[in-house]
Number of protein chains: 2
Amino acid sequence: MAKTTTSKPAAAARQRGVTMNDVAKHAGVSRTAVSFVLSNRENASISEETRARINEAVQALGYRPNAGARALASQRSDWYGIVTEIVTAPFAVDIIKGAQDQAWLDRKFLLIAPSDQADAVGPNQGLEDAATEKLLEQRVEGLLYAATFHRGVHVPESTKEVPTVLINCFDADGKLPSIVPDERAGGRVAVERLLQAGHRRIGVINLDPDIPAAIGRLAGAREALAEAGLELDPGLVVPGYATADGGYEAACRILDRYPQEDRPTALFCLNDRMAMGAYDAIKERGLTIPGDIAVIGFDNQELIAAYLRPKLTTVALPFEKMGALGVQTLAALTAGQPIIADQQLVGCPLLERSSV
Amino acid sequence: MAKTTTSKPAAAARQRGVTMNDVAKHAGVSRTAVSFVLSNRENASISEETRARINEAVQALGYRPNAGARALASQRSDWYGIVTEIVTAPFAVDIIKGAQDQAWLDRKFLLIAPSDQADAVGPNQGLEDAATEKLLEQRVEGLLYAATFHRGVHVPESTKEVPTVLINCFDADGKLPSIVPDERAGGRVAVERLLQAGHRRIGVINLDPDIPAAIGRLAGAREALAEAGLELDPGLVVPGYATADGGYEAACRILDRYPQEDRPTALFCLNDRMAMGAYDAIKERGLTIPGDIAVIGFDNQELIAAYLRPKLTTVALPFEKMGALGVQTLAALTAGQPIIADQQLVGCPLLERSSV
DNA sequence: CAGGATAGGTAACGCGCGTTACTTGGTGCG
DNA sequence: CGCACCAAGTAACGCGCGTTACCTATCCTG
């Protein structure tokens, strides 16, 4: 396995551009022939022998196709673009990973353009126009928009020029197809798990009640309870800021509100950060997890859920899957297939750890 | 602000490609003239009037330059490529953000290519070749390699064809310039902070002692102690797995090893995950933070450090800055400037929160 | 043995744009 | 009036490649 210094290819390529012409000359054929074998044409009509000679020449010269020129000539770029503020927020970066991997499989290149967070809070909630523009200049074949958290967004007009799919967000004013987590089913599976463990009095630490995550997860929780013939005691639902401190305070309120015999035996925290705070509130009172109080979270923020003590049982947001599905959907659209559904829901799997 | 439906531009552009020729016709000039005003040539010699006419035509038709064609003709792509496994690991995604933002400022486009984690553990520790190859096919002007954690890497041979900079890693066998965190200075500032708070017996929860992070941070800690006329008691340095559990166990050992009067009054945890575990060990013993034991971490993993109770004082890894500096360095190299230094160290700032 | 059908190629155009060389009409100057 | 000069603009080439139309030799068929 001695590393021979026969890296002539690299040396040759370094001097600014081995082209198909060079390959053709080296192999003693026309450039067209080279193009044919490199693109594996069906009706090839190139003899095995010259095909081999050409491949040798490619190796020998270290030829590397010029993607730009190819795109120009063939009128297709093999690029998708994704506009996202996610780069800023490690939280949902798995969307990108899922999309990347899927694109890679389809031999597409994913161009990632950052979207200014600034816009996201302003009156125009749209993801950034400049990024979209840049991507269109690259002649991407399709566009993806990905948000850090599930919400409605406004998308730039120019988007209408190419197929577009939204991930973890939905078109607030149009009909663009979108991929979003099935919050309701997620809330349901969480509470079902608690019921299955024998809990009957379940406290819920809520998020801002107006966002899709809160609406869906709470509805799911109610469904699960209803099926068990139970109702959600309004006193057991407390709102919290979406932080550890918020979770701590909410948990304190919920735990101190009732005499011990009425105290909930389980807490459904609508996100993991709040669960983190709830842990402190519970431990502070000399209670154990899950012995005295079971806790279940949502989001599966690895850095928290997998490192809390005991490890947090939680419902995962399917970021990676959403990213992959987004690319698949986009591929279908660019291939001219009709839109399957305006909104595709992706399941949120329960991750069993040790807090229930 | 009524939204008029005068989106003729979009409509015009939709039908596959408004070109410079179309603009030229619409403005009644030659394509060359259009090219000149769009690229803002110095020796323009285009009258203000026709320049205006051309710009109007651009607006009217919704013309958008074709980046690929431009690259082909001008022989420069305005693209940098970054090969990284970071997409997989939210941990260091800020490197990408920093690089993105800087590239955006320089009007460059950053192509992000995923690197298979698989390779990173194998005997060939190199970041993936396929990704590099793909990027070179796009004719990127420069390459960046970014790793999730500070270490030596092997880079594909083909890399030598364009300027290359390593971020958060260094070339294990060559001379490629790299940007890495100043671990030593970071360790030093952490311990200095503890000393300043009056601590004299400081425990250290170490990482795998062979990795650059551990070597540097520990050396820095020793330096700070030496300057205060102190030495690091070997019994106070315990190794730990780089997880919360590892930190918990290490903290238990260190806390239980000494009678109360000899017990360290502060713990320097070489990463935040271990600090998270140390918190539990401390609280379990009925001790308070920072009253009885001060804790300082490293890495500034926001999801942990900012949400622990009390919030964790820690030393930040300058991911975003490293990303930006990487792009700046690359810009200098592509501009033909000589390499400043083989290895640029970036400072690790102390983030004061509430655990010291 | 004429005629067509194939295998095995090649010449040449165009993708959209940057760029260099060239043209043209007007103006200043001796 | 003749010449140089400049502002204003254009024709035309080439970037590297995909693709279509064409061309030539060989083989088969009737």
Side-chain angles (χ1 to χ4, degrees), chain A residues 12-13 15-55 57-58 61-79 136-141, chain B residues 12-13 15-55 57-58 61-79 136-141:
Chain A
Q15 49 204 5
R16 275 262 161 272
V18 175
T19 78
M20 272 178 80
N21 260 320
D22 301 331
V23 175
K25 260 176 228 163
H26 188 101
V29 296
S30 74
R31 195 179 57 65
T32 309
V34 178
S35 176
F36 281 177
V37 353
L38 286 188
S39 49
N40 270 327
R41 276 174 77 97
E42 300 267 322
N43 45 359
S45 113
I46 302 276
S47 71
E48 270 317 309
E49 189 214 318
T50 61
R51 180 185 306 274
R53 247 198 359 271
I54 289 174
N55 281 326
V58 166
L61 297 181
Y63 169 73
R64 188 175 2 249
N66 182 323
R70 174 175 291 178
L72 185 57
S74 67
Q75 301 282 59
R76 37 194 300 272
S77 62
D78 284 343
W79 293 335
L136 289 175
E137 287 184 8
Q138 312 292 336
R139 295 301 187 266
V140 294
E141 295 176 0
Chain B
Q15 48 205 5
R16 274 263 162 273
V18 175
T19 78
M20 272 178 79
N21 259 319
D22 302 331
V23 175
K25 260 176 226 161
H26 189 101
V29 296
S30 74
R31 196 181 55 65
T32 308
V34 178
S35 175
F36 282 176
V37 354
L38 286 189
S39 48
N40 270 327
R41 274 175 78 96
E42 299 268 320
N43 46 358
S45 109
I46 301 278
S47 71
E48 271 317 308
E49 189 212 319
T50 61
R51 178 184 306 274
R53 246 196 2 270
I54 290 174
N55 281 325
V58 166
L61 297 180
Y63 169 73
R64 189 176 2 251
N66 181 322
R70 174 175 293 179
L72 186 57
S74 67
Q75 301 282 60
R76 35 195 303 273
S77 62
D78 284 345
W79 294 333
L136 289 175
E137 285 184 11
Q138 312 292 337
R139 296 301 187 267
V140 294
E141 296 175 1

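These numbers come from the heavy atoms of this one structure, side chains and all, not from hydrogens, waters or symmetry mates. Labels below follow one simple rule: chain letters A, B, ... track the order of the sequence lines, proteins then strands, and each chain is numbered from 1.
The salt bridge (Lys or Arg N to Asp or Glu O under 4.0 Å) check on B:R70 picks up nothing, with sequence neighbours excluded. The salt bridge (Lys or Arg N to Asp or Glu O under 4.0 Å) test applied to B:R41 returns no partner, not counting sequence neighbours.
Between the CD1 atom of B:I46 and the C1' atom of C:dT24 there is a distance of 15 Å, given to the nearest Å. Protein atom CG of B:N66 is 13 Å distant from nucleotide atom C1' of D:dC15, rounded to whole Å. We find that CG of B:L38 is positioned 15 Å from P of D:dG9, with the value rounded to whole Å. When rounded to the nearest whole Å, the span between CZ of B:R51 and P of D:dA8 equals 10 Å. As rounded to whole Å, 13 Å separates atom P of D:dA8 from atom CZ of B:R53. Atom CD in A:E48 sits about 13 Å away from atom C1' in C:dA7, given to the nearest Å. Per the geometry, CD belonging to A:Q75 stands 14 Å off C1' belonging to C:dC13, to the nearest Å. Look at CG on B:N40: it is 12 Å from P on C:dG18, rounded to the nearest Å.
Between A:L61 and A:V18, the shortest heavy-atom distance links the atoms O-CG2, 3.6 Å. Considering all non-hydrogen atoms of both residues, A:R51 and A:I46 come closest at NH2-O, 3.8 Å.
In terms of position along DNA chain D, the nucleotide closest to B:G28 lies nearer the 5' end than the nucleotide closest to the other residue of the pair B:L72 and B:G28.
Within the 4.5 Å cutoff, no side-chain heavy atoms of B:V34 are placed close to those of B:Y63.
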Below 3.5 Å between N/O atoms, which protein atoms pair up with nucleotides 19-27 of chain D? Just atom names and distances, please.
none

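When the side-chain nitrogen and oxygen atoms of B:R70 are compared with OP1 and OP2 of C:dC17, none of them lie within a distance under 4.0 Å. Checking the phosphate oxygens (OP1, OP2) of D:dA11, no side-chain nitrogen or oxygen of B:S30 falls inside 4.0 Å. For A:T50 and C:dG8, the shortest distance from a side-chain N or O to OP1 or OP2 is not below 4.0 Å.
Between the side chain of B:T50 and the backbone N or O of B:R53 there is no donor-acceptor pair closer than 3.5 Å. Without hydrogens or angle criteria, A:S39 side chain to A:S35 main chain gives a donor-acceptor distance under 3.5 Å.
Closest approach to the B:S47 side chain among D:dA8, D:dT10, D:dG18 is made by D:dA8 (side chain taken as heavy atoms from C-beta onward).
Across all strands, B:S45 comes closer than 4.0 Å to base atoms (heavy-atom distances).
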